Protein chains: 2
Amino acid sequence: MRSAEFDKEQVLRAAMTAFMEKGYAKTSMQDLKAATGLHPGSIYCAFQNKRGLLLAALEQYNRDRGDELQTLFSQHPSARAGLAAYLAHVVAECVSCDPQKLCLTQKALNELAEQDAEAQAILSEQCAMWRNALCAVFERIAEQGELTGTRSPLDRARGLIVSIYGLRTFAHTHPEPQVMRDLGAQILKDVCQ
Amino acid sequence: MRSAEFDKEQVLRAAMTAFMEKGYAKTSMQDLKAATGLHPGSIYCAFQNKRGLLLAALEQYNRDRGDELQTLFSQHPSARAGLAAYLAHVVAECVSCDPQKLCLTQKALNELAEQDAEAQAILSEQCAMWRNALCAVFERIAEQGELTGTRSPLDRARGLIVSIYGLRTFAHTHPEPQVMRDLGAQILKDVCQ
DNA sequence: TCATATCTTGAATAAGCATTCAAAAACTAA
DNA sequence: TTAGTTTTTGAATGCTTATTCAAGATATGA
């Protein structure tokens, strides 16, 4: 018996950033070898093939982002303040123009939703998990009486996801940071109204 | 002297749909040959290379979409009604799940904004043109007294673009058509408020 | 210490890719 | 009709790609 030398999470995070920077199609196995430090044989042994590595990386990304969201909201007693901080965090990522701070779920959705049914199913489920987490947030905000209007938490969660996807796409045109912050503020207003 | 046999607009529209379906990286010259009916030599003679064909296709797409928007709004005396029709049109495209009804600008923005500065510049300018067109729409809606609130037309135009980008990304997870229509209706409300 | 099972290594493979080019075809102008 | 110019054609090129595999390295258990 002998166990693998590499740390799977570490390898998946390295693959994640490689895919974020170049997209799936343009990331070569050579890129992945350089990013992960693994030789082709090891990658194929652990993940079947390039696509298997992507799918595993997508799941790792989703876990990491879920944890991050939970941590962020646990730091704010007011759910509404947590939401503001969350949006500010997303805006900051957009403004940074750092390819490693893109949303891999969104990138993959745009690149392969129409081409790979299995990837699409994984991504749809991840989107549903995200939506449920945000839905719970809006339920807490409602309980704390910080919501006007009559929209359901689910509606608001969907609206917020749409807005964040849009914000991240819009950011690729490099608008001024203040514009991005204003857009974020307006989204917060609209979604809590 | 001899003029080219092919119709440039027709070729560019064929290339557009090829790039929409597979993305830039995964569309091979063989795909483009099949889609356009042009042999490699002719493509290279007319557009330099694969990337040149993409850039030309992006510009054609932008022209076509600009014309489409103008036509749609010219059919509605009420600018507000035109906006509602425009959003309904976008939602219908999202619901159709037809890869040929994606937004090529958005697809390219997501795939190559970080990798190709020239493409990014073209796409940013196209986004600015779109924003200006929508800004003019909001000015007309304001003149017609159908706007509440104090947001500037420019703010609203940016917000609408963000929402449409988001809607199109969200659509890749195949939500129910009614959900998409509800999201469209909410966007219309928020942006005119 | 040794045998064994498993992982690691990196060169080899075969397919696919963007691009080039020279020959053939065809339109234009005289 | 004919000469000249440009386009069309599609095979050839050389490079890159994902994937495989057999040899070598190394940890584990006896």
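In what follows, chains are A, B, ... by sequence order, proteins preceding strands, each numbered from 1. Here the structure is a predicted model, which means the values were calculated and not measured. Values below: every heavy atom of this structure, side chains too, minus hydrogens, waters and symmetry copies.
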Task: Spacing between B/Ile43 atom CD1 and D/dT9 atom P, to the nearest angstrom - done: 11 Å
- [ ] Measure from CG on A/Leu54 to P on D/dT19 and round the result to the nearest Å.
- [x] 12 Å
- [ ] Decide side chain to side chain donor-acceptor pair (under 3.5 Å) for B/Gln186 and B/Asp182; before the verdict, give the C-alpha distance in whole Å, the side-chain angles of both, and the deciding distance to 0.1 Å.
- [x] CA-CA 6 Å; B/Gln186 185 65 44; B/Asp182 290 348; over 6 Å; no
Task: Distance, rounded to the nearest Å, where A/Met29 contributes CE and C/dA12 contributes P - done: 19 Å
TODO: Go through C/dC17, D/dT19, D/dT17 for me and flag the one nearest to the A/Ser28 side chain.
DONE: D/dT17
Task: OP1 or OP2 of D/dT7 under 4.0 Å from side-chain N/O of B/Ser42 - done: no
Task: Residue-phosphate contact under 4.0 Å: A/His39 side-chain N/O, C/dT8 OP1/OP2 - done: no
Open item on the list: What is the distance, to the nearest angstrom, from the OH atom on B/Tyr44 to the C1' atom on D/dT13?
Closed with: 13 Å
TODO: Provide, to the nearest angstrom, the distance between the CG atom belonging to A/Asp31 and the C1' atom belonging to D/dT17.
DONE: 11 Å
- [ ] To the nearest Å, give me how far apart NZ (A/Lys50) and C1' (D/dT20) are.
- [x] 17 Å
Task: Short side-chain to backbone donor-acceptor contact, B/Gln126 and B/Thr105, under 3.5 Å - done: no
- [ ] Could you pick out which residue, A/Asn49 or B/Cys45, lies toward the 5' side of DNA chain D when each is mapped onto its nearest nucleotide?
- [x] B/Cys45
Task: Gap between atoms CD and P, on A/Gln30 and D/dT16 respectively (whole Å) - done: 9 Å
TODO: Nearest whole angstrom, please: distance from the C1' of C/dA11 to the NZ of A/Lys33.
DONE: 11 Å
Open item on the list: For A/Arg13 and A/Gln10: C-alpha separation, side-chain torsions, deciding distance, then whether side chain to side chain donor-acceptor pair (under 3.5 Å) applies.
Closed with: CA-CA 5 Å; A/Arg13 292 206 183 93; A/Gln10 201 173 302; over 6 Å; no
TODO: For A/Tyr24, check ring-ring contact (aromatic ring centres under 6.0 Å, His included) against everything at least two apart and list the hits.
DONE: A/Phe19
TODO: Taking only the side-chain heavy atoms of A/Pro40 (C-beta and beyond), determine which of C/dA11, C/dT19, D/dA18 contains the nearest atom.
DONE: C/dA11
